[in-house]
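In what follows, every chain begins at residue 1, and chains take the letters A, B, ... in the order their sequences are listed.
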Amino acid sequence: MRSTLRELSDRVAAAMAALGLEGDPLVRPSTDPRFGDYQSNCAMGAARRAGGTPREVAEAILGKLDVADCCEPPDVAGPGFINFRLTPAFLARSLGRVPTAGEPGAERLGIDRTDHPTVVVVDLSSPNLAKEMHVGHLRSTVIGDCVARILEFQGHHVIRENHVGDWGTQFGMLVAYLRRTRPNVLDDLDRLVIADLEAFYVEAKSLFDRDEAFKKQSQETVVRLQRGDAETLRIWRAFCNESLRHCHAIYERLNVSLIDRGESFYNDLMPQVIDRLMRDGHARESDGALCVFCDGFQTREGAPLPLIVRKSDGGYNYATSDLATIVHRIETLGARRVIYVVGIAQKLHFDMVFAAARKAGWAGEGVALEHLGFGNVLSASGAPFKTREGGTVKLKSLMDEAVARARSVLESGGVIAAAGADEDAAADRPATGADAARAGMTSQEMDDIAETVGLAAIKYFDLQHNLVKDYKFDLDTMLALDGNTAPYMLYACARVRAIGRKAGIDFDSFCPEGGLVLEHPAEIALAKSLLRFAETIDQAAADLRPNVLTDYLYDLSKQFSRFYDRKQGVRVIDAEPPGVRVSRLRLCDLTARTLKLGLSLLGIRTLERM
RNA sequence: GCGCCGGUAGCUCAGUUGGACAGAGCAUCGGAUUUCUAAUCCGACGGUCGCAGGUUCGAGUCCUGCCCGGCGCGCCA
């Protein structure tokens with residue numbers, strides 16, 4: 001099964017070709033329902049290139065166009081738009097082909113995999129070890145995971161690499177500090193916890209900055225580490241293990257899986273990177289540092305801006321290790337596409353690293369290197385996101401707070417118990433079906449739901465925003481039950497699942513007989529939305545834009561709510577005749593499966609009850 | 001100083017290689033309720049798309065200049 005958009009595009013392209021017209025068919029979803037479901041904007045451009053008026057060209061294309069199997073006869077409107085209206089018969093036929101439970105491809109709704117699978121590396125999360133993950137790691141982790149899931153769904157072989165900061169001076173500093181001040185800690189490394197490690201780090205850094213002797217001691221420890229001193233390595237490993245344990249506790253809660261491959265992995269590769277650069281004449285010394293100069297990069301004085309790949313003290317820096325990642329990912333992992341999910345502030349750095357990799361010939365034309373940059377997470381007021389004391393906000397505490405707030409939303413029966421809200425409101429509110437569904441829940445079940453809703457809210461809110469912009473982190477908004485939020489969508493999912501239970505049907509083994517009946521406007525609108533899932537994934541993948549997917553899922557949820565609404569919509573469970581009832585239940589099932597699949601591509605779990 | 005990224009409704013944000021009268025949510029106001037989970041649905045109100053020029057059949061989108069905000073610009077990552 002392929003997307004309707006692609007199908008129409010191919011048809012228009014064929015018609016254009018038959019007329020000898022060049023150009024993209026420019027088929028898009030219509031901007032307004034009055035203009036149908038899809039429109040082609042190709043006639044205006046084609047007319048300019050080939051002569052004639054746009055409307056004449058559009059009419060000529062219509063003459064060659066065969067879409068009778070899926071659309072009403074298309075018409076030409078305005079300056080030369082071609083408008084397409086899908087027929088209910090086509091909608092019913094297309095959705096009817098979606099595999100039902102147990103059929104091959106059912107879990108992916110019959111959506112085709114790419115014809116050209118490639119190896120894609122996604123570089124995501126990448127926290128520094130010895131410190132707790134903080135709010136700054138949220139976006140890379142969540143966006144990177146989402147992008148990986150989408151590309152994986154398309155059939156690509158995706159490798160998620162967690163480029164953790166597990167090497168460098170901070171570790172020498174930490175070891176030296178503990179040796180000097182708390183040797184007992186080193187005797188019992190099993191008892192080390194991340195909070196201690198971070199506290200020690202802060203103390204060590206402070207000492208490092210004011211005590212020359214300690215600074216020297218730290219640097220000597222770094223050298224010992226680099227030379228592979230067994231005892232120093234043992235301590236370093238313990239630090240890394242504890243840090244990674246902390247990170248993976250968070251990844252597990254966030255439902256993110258990835259491979260740790262820290263900077264230390266590239267220790268042996270970095271000298272080779274340097275050797276190759278020097279051997280091939282791509283790098284030269286400048287002020288004692290080894291540099292690669294690429295065209296188009298300037299310092300503030302207008303001089304050529306170097307990418308420093310070896311510092312004047314002989315040490316490597318992050319440019320070196322990033323180049324090493326490129327070499328490893330292309331030459332060893334076989335990547336044809338490498339996506340670095342890193343804050344937008346580092347754009348220049350990656351532009352330079354990529355340019356250097358091209359110059360060195362490591363990344364040829366067949367390899368794409370992409371920096372998927374994103375903006376900052378700001379506080380609700382728009383200021384930088386800090387604790388009251390001015391420190392960084394721990395990711396774990398952020399997650400815990402969201403979960404706690406989700407729990408209080410659940411307990412108040414859907415009325416947000418925000419500060420200042422009227423606490424009596426919940427008591428006065430009449431009982432609802434949702435209340436009844438929650439009535440028999442244990443505290444444990446409520447906890448589980450709160451965990452899912454709270455974390456879904458954070459992730460969804462992040463992914464819902466355009467990547468390049470900063471956004472304001474606002475728990476009230478992301479946990480709201482109305483609007484484009486995770487709770488709204490999870491609720492829509494839970495509602496559909498409840499319909500199955502109430503109707504006495506197990507959707508997980510639902511293999512309906514007979515075709516879909518699409519007559520009511522709400523049925524047709526829901527069917528159209530369902531059918532747009534495939535093209536939405538295409539677009540989200542092509543542009544690496546998760547918010548394309550969130551916007552779609554919100555639209556689908558909305559269409560479902562209308563479909564199921566007692567005024568605007570249709571009866572389902574008690575619908576007559578039986579064929580109509582089955583058809584509507586099938587639409588419900590397709591909605592739930594589409595939402596579940598779509599949310600899973602965002603890394604969000606769905607709920608049976610809420 | 002140079003470069004990059006932003007500026008869209010009171011607020012938070014979408015806006016698909018330029019397409020039809022600029023969209024959604026929140027907030028505000030109004031309507032629907034003996035509930036198939038109303039944690040929902042419908043309606044109203046609300047915009048000089050930062051400003052000024054330009055390109056063209058057509059500009060929130062492209063170009064130029066300016067204003068405001070953020071970030072970056074040789075040995076931290």
- [ ] Mind checking Y554(A) for me? I need base, sugar-phosphate or nothing, with any heavy atom below 4.0 Å counting as a touch.
- [x] sugar-phosphate
Task: Nearest-angstrom distance, P atom, G54(B) to G58(B) - done: 13 Å
Open item on the list: For a quick check, tell me whether the side chain of R566(A) and the base of A38(B) share a donor-acceptor pair closer than 3.5 Å.
Closed with: yes
TODO: Both distances under 3.5 Å, Watson-Crick or G-U wobble: report the partner of G30(B), or none.
DONE: C42(B)
Open item on the list: Would you say N547(A) places a side-chain N or O within less than 4.0 Å of OP1 or OP2 belonging to G15(B)?
Closed with: yes
Task: Residue matched to G74(B) through Watson-Crick or wobble contacts both under 3.5 angstrom - done: none
Task: Among U40(B), C42(B), A32(B), the nucleotide that comes nearest once only the side chain of K567(A) is considered - done: A32(B)
Open item on the list: With a 3.5 Å limit on both atom pairs, tell me what A9(B) is paired to, counting Watson-Crick and G-U wobble, or say none.
Closed with: none
Open item on the list: Need one value for L26(A): base, sugar-phosphate or nothing, where a base atom within 4.0 Å counts as base even if backbone is also close, heavy atoms only.
Closed with: base
Open item on the list: What's D551(A) touching, base or sugar-phosphate or nothing? Going by heavy atoms closer than 4.0 Å.
Closed with: sugar-phosphate
Open item on the list: Using a 4.0 Å heavy-atom cut-off, does T477(A) contact any base of the nucleic acid, only the sugar-phosphate backbone, or nothing at all?
Closed with: nothing
Open item on the list: Run the ring-ring contact (aromatic ring centres under 6.0 Å, His included) test on Y340(A) and H349(A) for me, step by step, so that the C-alpha distance in whole Å, both residues' side-chain angles and the decisive distance to 0.1 Å come before the verdict.
Closed with: CA-CA 12 Å; Y340(A) 291 84; H349(A) 165 70; 8.9 Å; no
- [ ] Would you indicate what R545(A) reaches in the nucleic acid, counting non-hydrogen atoms under 4.0 angstrom: base, sugar-phosphate, or nothing?
- [x] sugar-phosphate
Open item on the list: Would the base of A20(B) count as contacting Q39(A) through its side chain, where contact means a donor and an acceptor less than 3.5 Å apart?
Closed with: yes
Open item on the list: Strictly by Watson-Crick or wobble contacts shorter than 3.5 Å, is anything paired with G65(B), and which nucleotide is it?
Closed with: C51(B)
Task: G-U wobble or Watson-Crick pairing nucleotide for A59(B) (cut-off 3.5 Å, both distances) - done: none
Task: Between P of G70(B) and CG of N466(A), the distance in whole Å - done: 20 Å
Open item on the list: Base, sugar-phosphate or nothing for A345(A)? Non-hydrogen atoms, less than 4.0 Å.
Closed with: sugar-phosphate
